Amino acid sequence: MIKARLKERLDQCFVEGVKEGSWTGAAEGLYSVEEPKHAAHGDFSTNMAMIIAGKEKKKPRDVAGLLVDLLASHTDLLKKVEVAGPGFVNFFVNNAVWQSVPRVVNEAGSDFGLSDIGKGKRVLVEFVSANPTGPLSVGHGRQAVLGDAIARLLSATGYDVTREYYYNDAGRQMRVLGESTRARYLEQLGLPSEFPEDGYQGEYIDEIALELKDEVNDSLKDTEDVTVFKERAEKAIFKDINNTLNRMGIHFDHYYNEHSLYEDGLVDDVVSCLRDKGLVYDSDGAVWFKTTEFGQEKDRVIIKSTGEPTYRLPDIAYHREKFRRGYDWMVDIFGSDHIATVPDVLAGVRALGYDDSKVTVVLHQFVTLMRDGKQVKMSTRKANFITIDELLDEVGPDVVRFFFLMRKADSQLDFDLDLATTQSQENPVFYVQYGHARLTSILKKNEETVNIELPSVDSAPLHLLELPEELNILKAMASYPDLVKNSALDLTPHRIIFFLQELAGQFHSYYNKHRVISDDIPLSQARLWLVRALRIVFRNGLNLVGVKAPDTM
RNA sequence: GCGCCCGUAGCUCAGCUGGAUAGAGCGUCGGACUUCGAAUCCGCAGGUCGGGGGUUCGAAUCCCUCCGGGCGUACCA
């Protein structure tokens with residue numbers, strides 16, 4: 001918020017400089033305002049002089065001097081402006097500006113950090129999209145948490161967000177699921193059965209079969225058609241998946257069934273559209289899509305010689321529907337094993353005349369589970385994987401969410417089960433939550449025992465907040481709205497996590513060094529307002545990543 | 001072979017469109033509770049930013065190349 005104000009002033013000065021003939025407009029939009037790493041370099045700095053000097057073959061420090069002169073009139077915001085290093089212009093902001101932050105935060109309350117940069121734009125976030133063949137794995141969990149956090153960020157920045165789950169309840173996988181369930185059912189009855197070679201071996205199938213047996217006895221023993229078994233299993237598994245997602249506080253606005261694409265003829269239509277454009281041909285009994293026309297190495301099969309489509313075709317049809325449904329931006333969250341489909345789908349939508357730059361794919365790398373310092377090998381088929389449910393049982397939703405968001409999507413994630421379970425009190429999520437609980441506790445202490453009367457935030461003596469620690473906390477809070485915007489636009493929720501950890505660190509340190517409530521009444525009042533503001537920022541930040549902000553722990 | 005991702009402290013990772021002395025947590029070691037919650041804090045130690053070139057005022061960040069790891073490279077999803 002302060003940074004944006006400064007940038008405005010700077011832009012004015014730039015224009016003035018052009019008007020006065022000090023420089024040309026060549027550097028417009030190329031310079032930036034940054035937050036220096038070292039406090040000695042000010043609260044903010046700009047490289048404007050160096051950029052201009054580069055364009056105009058002048059000395060950076062001379063240009064910087066001219067800029068400083070232009071800035072001389074902006075004393076309300078700045079207490080000091082100086083030229084440093086190779087030509088940086090460093091800004092020192094008036095304390096009064098920082099001291100106004102609690103006012104802004106408290107007035108905005110739960111709206112602090114929200115913005116409207118996405119106003120009027122509809123965005124579709126597709127994530128999880130697991131087919132109902134088994135419980136959600138930790139990989140799905142990462143995706144669920146990531147997608148949800150991204151959706152929250154986009155909502156916070158004003159986008160009209162739809163969360164969508166795309167699934168397929170038809171096809172080969174589901175047939176195998178039905179066969180597996182039937183085999184287990186027959187086993188329960190003590191009848192001979194043939195478990196499919198590539199069947200699903202998880203215990204959840206046994207449970208489904210057992211329930212089925214209890215309900216219908218042996219009335220299905222001669223049923224050769226696996227449909228009834230498939231549907232039974234699908235229903236149970238989907239219920240399970242939804243329970244798991246609910247436990248994490250994740251909800252979808254819409255479930256999109258791949259099968260409906262076939263029923264509505266949309267898959268066939270894609271083929272004929274592409275064929276009309278000459279981008280499809282028949283060879284070896286299969287139908288091929290000329291992906292080479294879109295810069296790829298070789299063409300891809302979209303309909304197998306058996307007449308069944310490959311996964312690419314419905315994916316293309318699905319994405320075309322996303323466009324047709326009128327979204328301005330489509331965000332797909334995929335596991336890195338789906339990387340191969342991305343170029344095909346994008347080529348498909350481009351071939352159909354849509355702007356594929358409206359699709360952003362967030363690929364997240366795998367989660368490897370570590371137990372006893374060793375990697376746990378996992379496979380859905382073999383059912384030797386750890387489910388998200390099990391993880392939730394052990395550490396709870398807050399830790400799961402926090403852990404999955406601690407790393408950016410494109411780094412692999414080692415989930416240390418030992419740390420997450422046995423040593424959970426050392427988990428960083430508690431560090432942040434404890435910060436919030438502590439803030440609450442201070443306010444409670446005052447309300448219940450000390451009773452320092454708190455004037456309105458407008459009349460509170462906030463100018464007394466002048467300790468370096470206090471000013472740093474104020475600065476951190478002031479940077480929060482920009483952080484939310486940038487995290488949203490870049491789809492990088494992990495930055496919120498890092499910010500919260502940083503802020504918690506600042507607060508804990510401050511807490512241990514200085515007392516909020518003391519005999520000095522005006523100072524206590526100012527600090528109580530600081531605490532209130534800080535608590536709001538914690539709440540808003542935690543809420544943005546879907547982690548609870550507890551008052552007590 | 002080719003494509004994408006990753007390689008930063010003992011371990012796990014941050015580092016926004018290239019910026020001025022590279023950060024945090026965990027771990028090690030040593031300290032701090034008669035005061036708002038010690039699930040906390042303070043301090044010490046720890047680095048050729050995988051290697052080598054290049055681009056420029058300036059590179060962990062951009063380009064090239066090599067090395068190492070992951071995921072793909074299906075008429076599986």
Side-chain angles (χ1 to χ4, degrees), chain A residues 30 32 34-38 40-41 45 47 50 53-54 59-60 84-88 90 129-131 133 168 171-173 198 258 283-288 296-298 300-312 314-315 335-343 363-366 368 370 373 406-414 416 419 423-431 433-435 437-446 449-450 482-483 486-487 489-490 492 494-495 497-498 501-502 504-505 507-518 524 527-528 531 552-553:
Chain A
L30 297 175
S32 60
E34 287 143 20
E35 292 161 55
K37 273 177 256 176
H38 304 282
H41 296 146
S45 73
N47 57 358
M50 290 182 289
K59 287 184 184 164
F88 288 103
N90 295 338
S129 297
N131 289 341
T133 58
N168 183 16
R172 203 185 67 85
Q173 281 190 8
D198 54 354
E258 178 181 325
S283 175
D284 303 329
V287 180
W288 297 71
Q296 291 188 45
E297 238 180 301
K298 52 181 181 179
R300 303 291 180 184
V301 170
I302 49 174
I303 300 177
K304 301 184 233 174
S305 49
T306 60
E308 282 180 289
T310 64
Y311 61 87
R312 294 182 187 92
D315 275 4
S336 61
D337 55 336
H338 281 63
I339 190 165
T341 79
V342 174
L363 285 167
H364 65 87
Q365 296 291 317
F366 280 0
T368 46
M370 308 293 286
M406 272 196 313
R407 281 140 183 74
K408 57 182 183 222
D410 50 15
S411 36
Q412 290 173 48
L413 194 155
D414 281 348
D416 187 337
L419 179 77
Q423 300 177 33
S424 60
Q425 63 276 29
E426 283 163 15
N427 209 298
V429 62
F430 295 113
Y431 184 76
Q433 289 184 317
Y434 182 53
R438 224 175 200 181
L439 289 161
T440 307
S441 162
I442 294 171
L443 295 171
K444 203 168 144 198
K445 168 90 178 175
N446 185 52
T449 64
V450 187
D482 270 345
L483 173 77
N486 292 332
S487 306
L489 292 175
D490 298 342
T492 50
H494 74 276
R495 283 198 233 161
I497 296 286
F498 279 91
Q501 292 189 92
E502 174 78 27
F507 167 62
H508 285 309
S509 175
Y510 172 65
Y511 174 91
N512 274 276
K513 205 166 164 187
H514 306 287
R515 290 189 61 79
V516 172
I517 298 169
S518 68
S524 300
R527 288 181 174 174
L528 282 166
V531 164
T552 58
M553 299 190 61

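Protein chains get the first letters and strands the later ones, always in sequence-line order, with residue 1 at the start of each. Source: prediction; values computed, not measured.
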Open item on the list: Taking 4.0 Å as the cut-off, does a side-chain nitrogen or oxygen of A/S518 come that near to OP1 or OP2 on B/C36?
Closed with: no
Task: B/A9 to B/U17 separation - C1' atoms, rounded to the nearest Å - done: 28 Å
TODO: Please check the phosphate of B/G15 (OP1 and OP2 only) for any side-chain N or O of A/H494 closer than 4.0 Å.
DONE: yes
- [ ] Determine the interatomic distance between P on B/G69 and the same-named atom on B/G31; round to the nearest Å.
- [x] 44 Å
Task: Heavy-atom closest contact (A/P60 atom, A/G87 atom, distance) - done: CB-CA, 4.2 Å
Task: RNA chain B: 5'-proximal contact among A/G85 and A/L413 (nearest heavy atom) - done: A/L413
Open item on the list: Given 3.5 Å as the limit, does a donor-acceptor pair link the side chain of A/W288 with the main chain of A/I302, or not?
Closed with: no
TODO: Please work out which of the three classes, parallel, tilted or perpendicular, describes the rings of A/F498 and A/H494, given edges at 30° and 60°.
DONE: perpendicular
Open item on the list: Between B/A20 and A/H38, is there a base-stacking contact, meaning the centre of the base's six-membered ring lies under 5.5 Å from the residue's ring centre while the planes stay under 30° apart?
Closed with: no
Open item on the list: Heavy atoms only, 4.0 Å cut-off, all strands: where does A/K37 land among base, sugar-phosphate and nothing?
Closed with: sugar-phosphate
TODO: Evaluate the side-chain proximity of A/I442 to A/I517: yes if any heavy-atom separation is below 4.5 Å, no if none is.
DONE: yes
Task: Nearest-Å distance for atom pair CD1/C1', residues A/I442 and B/U35 - done: 13 Å
Open item on the list: Closest-nucleotide mapping onto RNA chain B: is A/A504 or A/N131 further toward the 5' terminus? I mean the 5' end.
Closed with: A/A504
- [ ] To the nearest 0.5 Å, tell me how far A/R300 CZ sits from A/T310 OG1.
- [x] 10.0 Å
Open item on the list: Restricting to non-hydrogen atoms, name the atom on A/A286 and the atom on A/S305 that form the minimum distance, rounded to 0.1 Å.
Closed with: CB-N, 4.0 Å
TODO: First locate atom CD of A/E34, then atom CG of A/N47, and finally report the distance between them rounded to the nearest 0.5 Å.
DONE: 5.0 Å
TODO: Would you mind reading off the distance between A/D410 atom CG and B/U61 atom P, rounded to a whole angstrom?
DONE: 16 Å
Short N/O separations, protein against nucleotides 54-58 of chain B, under 3.5 angstrom:
none

Open item on the list: Work out how far the P atom of B/A38 is from that of B/A22, and round it to whole angstrom.
Closed with: 35 Å
- [ ] May I ask you to decide whether A/D284 forms a salt bridge with A/K304, counting only side-chain N to carboxylate O separations under 4.0 Å?
- [x] no
TODO: Would you mind telling me which of B/C16, B/A20, B/U40 lies closest to the side-chain atoms of A/N90?
DONE: B/A20
- [ ] Report yes or no: does A/S524 contribute a side-chain atom to a donor-acceptor pair with the main-chain N or O of A/S518 at less than 3.5 Å?
- [x] yes
Task: Rounded interatomic separation in angstrom, taking CG from A/D414 and P from B/G7 - done: 13 Å
Open item on the list: Students often get this wrong, so: under 4.0 angstrom with heavy atoms, is A/N47 touching a base, only sugar-phosphate, or nothing?
Closed with: base
Task: Atom C1', compared across B/C49 and B/C13: separation rounded to whole Å - done: 13 Å
- [ ] For A/H508 and A/Y431, indicate whether the former's side chain and the latter's backbone hold a donor-acceptor pair under 3.5 Å.
- [x] yes
Open item on the list: So, OP1 or OP2 of B/C5: does either fall under 4.0 Å of a side-chain N or O from A/K408?
Closed with: no
- [ ] Using the six-membered ring wherever Trp is involved, compare the ring planes of A/H38 and A/H41 and label them parallel, tilted or perpendicular (cut-offs 30° and 60°).
- [x] perpendicular
TODO: Determine: side-chain N/O of A/S411 to OP1/OP2 of B/A14, distance under 4.0 Å, yes or no.
DONE: yes
Open item on the list: For a quick check of understanding: with a heavy-atom distance under 4.0 Å over all strands, which category does A/A84 fall into, base, sugar-phosphate or nothing?
Closed with: base
Task: d(CZ, A/F430; P, B/C26) in whole Å - done: 14 Å
- [ ] In whole angstrom, give me the gap between the C1' atoms of B/C2 and B/A74.
- [x] 16 Å
Open item on the list: I'd like the C1' distance from B/U28 over to B/G46, given in whole Å.
Closed with: 10 Å
- [ ] Check whether any side-chain N or O of A/Y511 sits under 4.0 Å from OP1 or OP2 of B/A38, and answer yes or no.
- [x] yes
Task: A/F88 ring over B/G19 six-membered base ring, under 5.5 Å and 30° - done: no
- [ ] Select base, sugar-phosphate, or nothing to describe what A/T492 touches, counting heavy atoms under 4.0 Å on all strands.
- [x] nothing
Open item on the list: Nearest to the side chain of A/D490, heavy atoms from C-beta on, is which of B/C41, B/C16, B/U35?
Closed with: B/C16
TODO: Please report, rounded to the nearest Å, how far the P atom of B/G15 is from the CD atom of A/E35.
DONE: 15 Å
Open item on the list: Testing the basics here: between A/Q501 and A/P428, what is the closest heavy-atom pair and its distance to 0.1 Å?
Closed with: OE1-CB, 3.2 Å
- [ ] Nearest whole angstrom, please: distance from the P of B/G68 to the CD of A/Q412.
- [x] 17 Å
- [ ] Output the distance between atom CG (A/L363) and atom CG (A/D410), rounded to the nearest 0.5 Å.
- [x] 8.5 Å
Task: d(CZ, A/F507; P, B/C42) in whole Å - done: 13 Å
Task: Secondary structure string for RNA chain B (Watson-Crick or G-U under 3.5 angstrom, | for other-strand pairs) - done: (((((((..((((.....[...))))..((((.......))))......(((((..]....))))))))))))....
- [ ] Select base, sugar-phosphate, or nothing to describe what A/Y434 touches, counting heavy atoms under 4.0 Å on all strands.
- [x] base
- [ ] Check A/P314 against A/E258 and note the closest heavy-atom contact, atom names and distance.
- [x] CG-OE2, 3.5 Å
- [ ] Could you check if the base of B/C33 is syn or anti? Syn means the glycosidic torsion is within 90 degrees of 0.
- [x] syn
- [ ] Check the distance between B/C41's P and A/K513's NZ and give it to me in whole angstrom.
- [x] 14 Å
Where do N or O atoms of nucleotides 72-75 of chain B meet protein N or O atoms at under 3.5 Å, pair by pair?
residue	atom	partner	partner atom	Å
B/A74	OP2	A/K298	NZ	2.7
B/C75	O2	A/S305	N	2.8
B/C75	O2	A/S305	OG	2.8
B/C75	N4	A/D284	O	3.2

TODO: Select base, sugar-phosphate, or nothing to describe what A/H364 touches, counting heavy atoms under 4.0 Å on all strands.
DONE: nothing
TODO: State the CZ-CD distance between A/R172 and A/E308, to the nearest 0.5 angstrom.
DONE: 9.0 Å
Task: B/U35 to B/G15 separation - P atoms, rounded to the nearest Å - done: 40 Å
TODO: Just compare B/A39, B/G70, B/U40 and give me whichever is closest to any side-chain atom of A/Q365.
DONE: B/G70
- [ ] Considering only atom P, compute the distance from B/U56 to B/G70 and round it to an integer number of Å.
- [x] 37 Å
- [ ] Would you mind classifying the nucleic acid contact of A/S32 as base, sugar-phosphate or nothing, using non-hydrogen atoms under 4.0 angstrom?
- [x] nothing
